[in-house]
Participant: 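I'd like to ask some things about the structure below.
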Amino acid sequence: MQKLEQLYEGKAKKVYATDDPRYYIVDYKDDATAFNGEKKGTIVGKGAINNRVTNHLMQILAKEGIPTHFVKELSDRETLVKKVTIVPLEVIVRNIVAGSLSKRIGVAEGHKLQRTVLEFSYKDDDLGDPLVNEYHILAMGWASEQELKQITDYALRINEILRAYLADLNIDLIDFKLEFGKTPEGELVLADEISPDTCRFWDSRTGKKLDKDRFRRDLGDVEDAYQEILDRLLGR
Ligand code: TMP
């Protein structure tokens, strides 16, 4: 597979065309941003770790029947993925109160929610990815009713699969963000990444944060936390 021109550069990844119109190559960067790009830095080795963590988790989900964009890991930072059009929504799944939800409703981080919470943000950096609901999504045509139902079903199922899998590794899945895409054939698939950049992972024995909050909040040990997640996933 030949890597052709760069199509897009995001905050954490670049996307390239290939000589096969069905596929793109994603290339993970070590760049880290937070608060919609206001805070910038580098997490050494992050790109390679997020590439492997994402691919590992996507393959577990695929085995459980969740369609994903993953095709093949090409190198430590590069992965071949299906070409999709991203649904312009960040789909956030929460099991425990943390982050922006803690601030929004005035409940301390760590409070266990009585049931899973699903939130949607409209993907627009200039607007700071505003929170939206089902009515906005359907009224704006960001997704159809059928797509929204499928996204909701997939997100809740992904939560169950990942929560159980991570619990066995002594990792609590606090919350996470998903993105979905549509293939040219119209199939809805899980896209983007699932990594310590896009999830909150807390060690279930010590409560230690093993995710990007260490960077966002200047907690130190950032690289070690990312490595720890990869090591546990790989059984090291
Ligand atoms: P939040 O508490 O800041 O809304 O974040 C909820 C989850 O979504 C958390 O696991 C981090 C993830 N997330 C992203 O992946 N990208 C983002 O831009 C934001 C704001 C959060």
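This one's a predicted model, so the numbers in the text were calculated from it and none came from an experiment. Counting starts at 1 for both ligands and their atoms, in listed order. This chain uses plain numbering: 1 for the first residue, then up along the sequence.
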Participant: Between K149 and D153, does the salt bridge (charged side-chain N to carboxylate O under 4.0 Å, His left out) criterion hold? Intermediate values first, please.
Facilitator: CA-CA 6 Å; K149 173 160 189 340; D153 290 349; 2.8 Å; yes
Participant: What are the atoms of ligand 1, with element, lying closer than 4.0 Å to any heavy atom of F176?
Facilitator: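 Listed by number with element, the hits are 10 (O).
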Participant: Identify the closest protein heavy atom to atom 10 (O) of ligand 1: which residue and atom is it, and at what distance?
Facilitator: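 Ranking protein heavy atoms by distance from atom 10 (O) of ligand 1, first comes D175 OD1, 2.5 Å.
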Participant: Where is the nearest protein heavy atom to atom 6 (C) of ligand 1: which residue, which atom, and how far?
Facilitator: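 Ranking protein heavy atoms by distance from atom 6 (C) of ligand 1, first comes R200 NH1, 3.6 Å.
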Participant: Where does C199 meet ligand 1, judged by heavy-atom distances below 4.0 Å: at the side chain, the backbone, both, or neither?
Facilitator: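 The part of C199 near ligand 1 is the backbone, not the side chain.
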Participant: Against ligand 1, does R94 come closer than 4.0 Å with any heavy atom?
Facilitator: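 Yes, R94 has heavy atoms under 4.0 Å from ligand 1.
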Participant: Where is the nearest protein heavy atom to atom 17 (C) of ligand 1: which residue, which atom, and how far?
Facilitator: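 Minimum-distance protein heavy atom for atom 17 (C) of ligand 1 reads E90 OE1, 3.8 Å.
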Participant: If you measure from atom 2 (O) of ligand 1 to every heavy atom of S100, G37, S102, which option wins on shortest distance?
Facilitator: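 Selected option, by shortest heavy-atom distance: S100.
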Participant: Does anything in residues 2-41 pair up under ring-ring contact (aromatic ring centres under 6.0 Å, His included), and if so which pairs, sequence neighbours excluded?
Facilitator: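 Not a single pair qualifies under ring-ring contact (aromatic ring centres under 6.0 Å, His included).
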Participant: Taking atom 20 (C) of ligand 1 as the reference point, report whether a protein heavy atom occurs under 4.0 Å from it.
Facilitator: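 Under 4.0 Å from atom 20 (C) of ligand 1, zero protein heavy atoms found.
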Participant: What residue and heavy atom of the protein are closest to atom 11 (C) of ligand 1, and at what distance?
Facilitator: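 Nearest protein contact, heavy atoms only, for atom 11 (C) of ligand 1 is R216 NH2, 3.7 Å.
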Participant: How long is the gap from CZ on R52 to CG on D76, to the nearest 0.5 Å?
Facilitator: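 Interatomic distance, R52 CZ to D76 CG, rounded to 0.5 Å: 8.5 Å.
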Participant: Between R157 and E64, is there a side-chain N and carboxylate O pair less than 4.0 Å apart?
Facilitator: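 Looking at R157 and E64, the cut-off is met.
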Participant: Between D231 and Q227, does any side-chain donor sit less than 3.5 Å from a side-chain acceptor?
Facilitator: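 Yes, Q227 and D231 have a side-chain donor paired with an acceptor closer than 3.5 Å.
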Participant: Could you tell me which atoms of ligand 1, counted from 1 in the order shown, lie closer than 4.0 angstrom to a heavy atom of G99?
Facilitator: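 Listed by number with element: 2 (O).
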Participant: Check whether any side-chain heavy atom of L188 sits under 4.5 Å from a side-chain heavy atom of V84, and report yes or no.
Facilitator: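 They are not in side-chain contact.
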Participant: Between L89 and W142, what is the shortest heavy-atom contact and its length?
Facilitator: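 Looking at all heavy atoms of both residues, the closest pair is CD2-CE3, 4.2 Å.
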Participant: Using heavy-atom distances only, which candidate in K177, K11, E193 approaches atom 14 (C) of ligand 1 most closely?
Facilitator: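 It is K177 whose heavy atom sits nearest to atom 14 (C) of ligand 1.
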Participant: Run the salt-bridge test on D31 and K46 with the 4.0 Å N-O cut-off and return the result as yes or no.
Facilitator: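 So D31 does not pair with K46 through a salt bridge.
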